[in-house]
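Proteins get letters first, then strands, A, B, ... in listed order; numbering begins at 1 in each. Heavy atoms only: backbone and side chains are in, while hydrogens, waters and symmetry mates are out.
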Number of protein chains: 2
Amino acid sequence: MVTIHEVAKAAGVSISTVSYALSGKRAISATTRARIDQAVAELDYRPNAGARMLAGARTNILALSAPIREDAHLPTHMRFVTAVVEAARAHDDDVLLLARDDEVTGIRRVVDSSLVDGVVVLGVSTDDERAEVVRRSGAAAAFVGVPGDTAGLTCIDLDFAEAGRASVRQLAAAGHRSIGVIGHPATYVERHTGFIRRFADAFEDECRAAGIATLALYPSLDRADQRRAADELLAGLPDMTALVFHCNEPVVEAVLAHLVSRGVRVPEDVSVLAACASYDTDALEVPLSTIPLPLEEMCRGAVEGAVRQVDGAREPGVTLLPPRFIDRGSIRPVP
Amino acid sequence: MVTIHEVAKAAGVSISTVSYALSGKRAISATTRARIDQAVAELDYRPNAGARMLAGARTNILALSAPIREDAHLPTHMRFVTAVVEAARAHDDDVLLLARDDEVTGIRRVVDSSLVDGVVVLGVSTDDERAEVVRRSGAAAAFVGVPGDTAGLTCIDLDFAEAGRASVRQLAAAGHRSIGVIGHPATYVERHTGFIRRFADAFEDECRAAGIATLALYPSLDRADQRRAADELLAGLPDMTALVFHCNEPVVEAVLAHLVSRGVRVPEDVSVLAACASYDTDALEVPLSTIPLPLEEMCRGAVEGAVRQVDGAREPGVTLLPPRFIDRGSIRPVP
DNA sequence: TTGAAAGCGCTACCAT
DNA sequence: ATGGTAGCGCTTTCAA
């Protein structure tokens, strides 16, 4: 193992000069720097991580708390995880992945042992225990999603309420007066209450204000249940001209396939909007216009929020990202 | 931050005694141990990770190299990642997640800086660069999957060849003489050549030996392409009584749905076997008999292989797990 | 612009 | 059965 001493000797300088040259924390003459760079390259020197952690103030590791719920949509989950890793690497941080058994104790473990500089929290629910854990430990942390009590916490999320209103507006602008909704499974709603309810409430309010008829159903992950919901929509909202999906990709596929089998043409008969979609709506059989879930942006924001705290900032707060609309042609004007 | 010194003072012993009491590396009297345990509990002492890494021989962190390919099946990927984390935690190790940009440099970075004790490698392809990286660095590592040149490496995988043969045997035993196959996308085959080809070759050999007719198709991730493949099977193998899926869940769903729409009943008209399935075949609309991909077992084996090397063992080799058959009733005897 | 040296908190060796 | 202490490799004063 190559140490800083060997680099110093090879470059003919002291170890502190090597350290400063590498950290850039003080001015080094061009010639000295060149000699050090050369020695580093020749010896293929890599500073020892443990030593840096011990001597320095930071570990350059972020913990990622990403517990997997029973009914989680794994692709979305994976996208969040990947996005956090990419964002962290952009800040020269590595990511330590905490899974199920570690919901609360895991965070304490890695924070208390100074294994990580901060924590990024995914899959946040309204009554999330991790909020209290973070508050108590005083750890640098950022939540992707909004817990019930956000006091003292840094959170980032899509503005789901605004996304709900924007969904109605997009369809209303095209003349739609009767909109069906397929939402996340009811079990989801109960637990993650946060974002789903924010979306649904705002959506309903906007419909009411605009005098638009609407019916929202929350089928389970069972395919038959999903087809049943599609039929119910057709029956309960006979003059439905638009459909909003606020659910995961497989449900969208199943419901659309069923509608097609029932003779409903998309988008000729029914316009469709994929709201807060975490998947690529362009890869579906019928590309769907969408208000995407900006998960890269959310994860990037969370990582930056956490890193900022590591760097000493103390400015907690909730950041709500504005929804954006992407037209893929699945919304047609009502004749 | 609570240090070992404070614990020692509170317990009225030396720091070395505290260290030994916690590591269990030497005998401690019951009374002393009790005093130390109490002090640890009262002070909520957590050993500093950096200090342990520096002073000790290990970091208790494993790197997980899990690059995401363009056409990857995210749920499967996530299951592997989760399984590795669970297995690592069972050995008291944490997992550092390396993603796309880190394919090769990431492994070098974390290994050379002694950030991790070892590496678990996922998504291994026949010409995987990471094999050479590991060989050269001499890092403790275990591959989930089998690269082309396994010299000096520790690998673990399902015995795909045996799985191919077992698939034929299961169906042949039920009297089937004409078996269709829907495999992974052709793009997959080209890259991951390893396991897919091993399965396919053994499957064909076994069919040939048993005088069974077979036709294998490798539709892309496009739904229309998958339906076309199903039709091709029906046309190219008119007396087909059995179908083997060696592909991912969404393809299975799409093909099965299309067959149903074509009036083919499963399993009455066509028996179905899900080979090397990484998903829950019991949650499908028609539960499928399966030879599951034992991914938890694979990941557990890999973690154990890596940990064993960290502990000094030098016994590289390829472990092939025997396939198992799980009957869910989707294979019917041919009348 | 550079160097010397004091820790960082722990493990493990050498004593007793 | 327990204690003293020398490092582990680095960062960061303090000095020059």
Side-chain angles (χ1 to χ4, degrees), chain A residues 1-37 39-40 43-61 92 109-117 310-311, chain B residues 1-37 39-40 43-61 92 110-117 310-312:
Chain A
M1 192 201 180
V2 182
T3 73
I4 197 172
H5 285 97
E6 309 177 42
V7 175
K9 187 187 296 176
V13 297
S14 71
I15 64 163
S16 56
T17 300
V18 174
S19 178
Y20 282 119
L22 292 176
S23 71
K25 287 186 181 170
R26 81 177 179 192
I28 304 285
S29 73
T31 55
T32 305
R33 152 151 286 133
R35 300 230 306 291
I36 291 174
D37 285 348
V40 166
L43 298 172
D44 195 25
Y45 168 68
R46 248 19 111 81
N48 179 281
R52 293 187 87 160
M53 291 188 197
L54 185 56
R58 48 195 299 174
T59 67
N60 281 298
I61 300 177
D92 212 49
R109 183 169 54 77
V110 297
V111 166
D112 290 354
S113 63
S114 300
L115 216 199
V116 303
D117 295 325
V310 175
D311 292 338
Chain B
M1 193 202 181
V2 181
T3 72
I4 198 172
H5 285 97
E6 308 176 43
V7 175
K9 188 187 295 176
V13 297
S14 72
I15 64 163
S16 55
T17 300
V18 174
S19 178
Y20 283 118
L22 292 177
S23 70
K25 287 185 182 173
R26 81 177 180 193
I28 303 287
S29 73
T31 56
T32 304
R33 153 149 285 133
R35 299 233 304 293
I36 291 174
D37 286 349
V40 165
L43 298 171
D44 195 24
Y45 167 68
R46 249 17 112 82
N48 179 282
R52 294 186 86 160
M53 290 189 198
L54 185 55
R58 47 197 297 171
T59 68
N60 282 300
I61 301 178
D92 213 48
V110 297
V111 166
D112 291 352
S113 63
S114 300
L115 215 199
V116 304
D117 294 326
V310 175
D311 291 338

Comparing B/A51 with B/G12, nearest DNA chain D nucleotide closer to 5' gives the residue B/G12
How do A/G50 and A/T17 order along DNA chain D: which one's closest nucleotide is nearer the 5' end? A/G50
Side-chain N or O of A/S29 versus OP1/OP2 of C/dT1: is the shortest distance under 4.0 Å? no
Using a distance-only test with no angle check, is there a side-chain donor-acceptor pair under 3.5 angstrom linking A/S29 and A/T32? yes
Distance check needed: D/dT12 P versus A/L54 CG, whole Å only. 12 Å
Taking the basic N atoms (NZ, or NE/NH1/NH2) and the acidic carboxylate oxygens, is any pair closer than 4.0 Å for B/D37 and B/R35? no
Please give, in whole Å, the distance from D/dC8 P to B/L115 CG? 20 Å
Taking only the side-chain nitrogens and oxygens of A/K25, find out if one of them lies under 4.0 Å from OP1 or OP2 of D/dT11. no
Under 4.0 Å between a side-chain N or O of A/S16 and OP1 or OP2 of D/dT11? no
At less than 3.5 Å, do the side-chain atoms of B/Y45 and the base atoms of C/dC10 form a donor-acceptor pair? no
Tell me what A/I15 touches on the nucleic acid: a base, only sugar-phosphate, or nothing, going by heavy atoms under 4.0 Å. base
How close or far is atom P of D/dG9 from atom CE of A/M1, stated in whole angstroms? 6 Å
Partner of A/V2 under side-chain contact (heavy atoms from CB on, under 4.5 Å), picked from A/V40, A/D44, A/V7, is A/V7
Got a donor-acceptor pair under 3.5 Å from the side chain of A/R26 to the base of C/dG3? yes
What's the closest nucleotide to the side chain of B/T3 if the choices are C/dC10, D/dC10, D/dT12? C/dC10
In whole angstroms, the gap separating P of D/dC10 from CE of B/M53 amounts to 14 Å
Can you see if the side chain of A/R52 gets near the phosphate of D/dT11 - specifically, an N or O under 4.0 Å from OP1 or OP2? yes
Interatomic distance, A/I4 CD1 vs C/dG7 C1' [rounded to whole Å]: 15 Å
Quick one: is A/S14 getting a side-chain N or O under 4.0 Å of the C/dT2 phosphate, OP1 or OP2? no
Ignoring hydrogens, what is the shortest heavy-atom contact between A/M1 and A/N48? Give both atom names and the distance. CE-ND2, 3.0 Å
Tell me which nucleotide among D/dT12, D/dG3, D/dC10 gets nearest to the side chain of B/V13. D/dG3
Is a side-chain donor or acceptor of B/S113 paired with a backbone partner of A/R46 at a separation under 3.5 angstrom? no
Tell me: CD of A/E6 to P of D/dC8, nearest whole Å? 12 Å
Rounded distance (Å) that lies between atom C1' of C/dC10 and atom CZ of B/R58: 16 Å
Distance check: side-chain N/O of A/T32 vs OP1/OP2 of C/dT2, anything under 4.0 Å? yes
A/R58 with A/D311: basic N within carboxylate O range, under 4.0 Å: yes
Tell me: NZ of A/K9 to C1' of C/dG3, nearest whole Å? 17 Å
